[in-house]
Amino acid sequence: MSNEADLRATVAKMIEPGKGVLAADESIATITKRFKALNIESTEETRRAYRTLLFTTRGAEEFLSGIILFEETLDQKADDGTPLPEVLVRHGVMPGIKVDKGTAPLPGAPGDLVTQGLDGLGERLKTYKAKGARFAKWREVYGITDANPTPLGIDANAEVLARYAAICQEAGIVPIVEPEVLIDGDHTIERCYEVSEAVLHAVFQALRRNRVMLEGMVLKPSMVLPGKEHPPKASPETVAEATLRVLRRCVPAAVPSINFLSGGQSPEEATANLNAMNVMYPKAPWVVSFSYARALQDPAMKAWGGRKENVAAAQAAFYQRVKMNSLARAGKWTQAMERAA
Ligand code: 13P
């Protein structure tokens, strides 16, 4: 298959009806922080046990087309010795891989960050592909203050994100392009809108400059929300309206799918907001779906608590979240369904 045919085949699978993507690609530092908050020790073995629990949840494959892994997980095995990527493939779920190396301050743009990891990426992708990865993820972050992100920050991050996407496509790997406008701060929803518009506009200009095939990528943006320290929370209808407005203005219809990150929203909030978008904009030009980490995992991680005897309860909690978001992806979720569970 040519690269283009490869990319199209992977995307076609990623956008299957009723399905979204699980992000289970927390770096060791990030998952250690999440575990620590629940008094769970973070070792290679506890991380393996936890991810095995998620990946072997019976029935979850009905709602997941892919799972983004961290490098460590690519080489780990389930209890029966099956490599974890192979466990996914057997369930009909595609393995993906986080390929960025986190952020560093951007010189010349005080307060802004830029993501590292482009050097040698082409070579790394060959290794990941040989281990089963069909798509990749790279995240740029944009903190909001009165001065940030700066114009330089917006341009530099867009260029890096687009270069990553071009390198992935050259390797026959579908890039998930993730520009995350952070929820931290006391800014208004209008300010988040303004930043999101500038960021997305720059990202799509850079994707075009780098000749990225829009049909062979997935966009993973943040929703347009008021800052975490700016109560009250916006209603799902307000979030859906602002988010779809900015996406319609910035994202070409050739992009097949938009899979949101949850970005610090509560699990139910992330589901309600996704549902509102699909109820209000059933004819959006792209699939409007999910690629959450925390909003899919938090209840399961809490139920597990690092204890074998809690695996079944954790899997039930995980199943509930993927199912609820599958319904939200079709605009068919109601709050009553949460209470019924
Ligand atoms: P959250 O859904 O927890 O924001 O994580 C998504 C993600 O993949 C961040 O890169």
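Computed from a predicted structure; not experimentally measured.
Electrostatic pairing of Glu41 and Arg47 does not count as a salt bridge here, judged by no charged N lying under 4.0 Å from a carboxylate O. In this structure, Asp6 does not pair ionically with Arg8, as no charged nitrogen and carboxylate oxygen lie closer than 4.0 Å.
For the pair Asn325 (side chain) and Arg321 (backbone), a donor-acceptor distance under 3.5 Å is present.
Scanning for side-chain hydrogen bond (donor to acceptor under 3.5 Å, both in side chains) contacts around Glu26 gives Arg51, Gln297, with sequence neighbours left out. Shown here are the side-chain hydrogen bond (donor to acceptor under 3.5 Å, both in side chains) partners of Trp138, two or more places apart in sequence or in another chain: Glu140.
Aromatic ring centroids of Trp286 and Tyr281 lie 6.0 Å or more apart.
Geometric assessment of Arg329 against the ring of Phe290 yields a negative cation-pi assignment under the 6.0 Å and 45° thresholds.
Taking 4.5 Å as the limit, some side-chain heavy atom of Arg90 sits within range of a side-chain heavy atom of Thr82. When side chains are defined from C-beta on, Phe135 counts as touching Ile68, because their heavy atoms get closer than 4.5 Å. Within the 4.5 Å cutoff, the side chain of Leu64 has no heavy atoms near those of the Glu61 side chain. In this structure, the side chains of Asp79 and Arg48 come closer than 4.5 Å at one or more pairs of heavy atoms.
Side-chain heavy atoms closer than 4.5 Å link hydrophobic residues (I, L, V, M, F, W, Y) into clusters, and following such links, possibly through other members, connects Leu296 to Val288. In the hydrophobic clustering of ILVMFWY residues, with side-chain heavy atoms under 4.5 Å counting as a link, Tyr292 and Leu182 come out apart.
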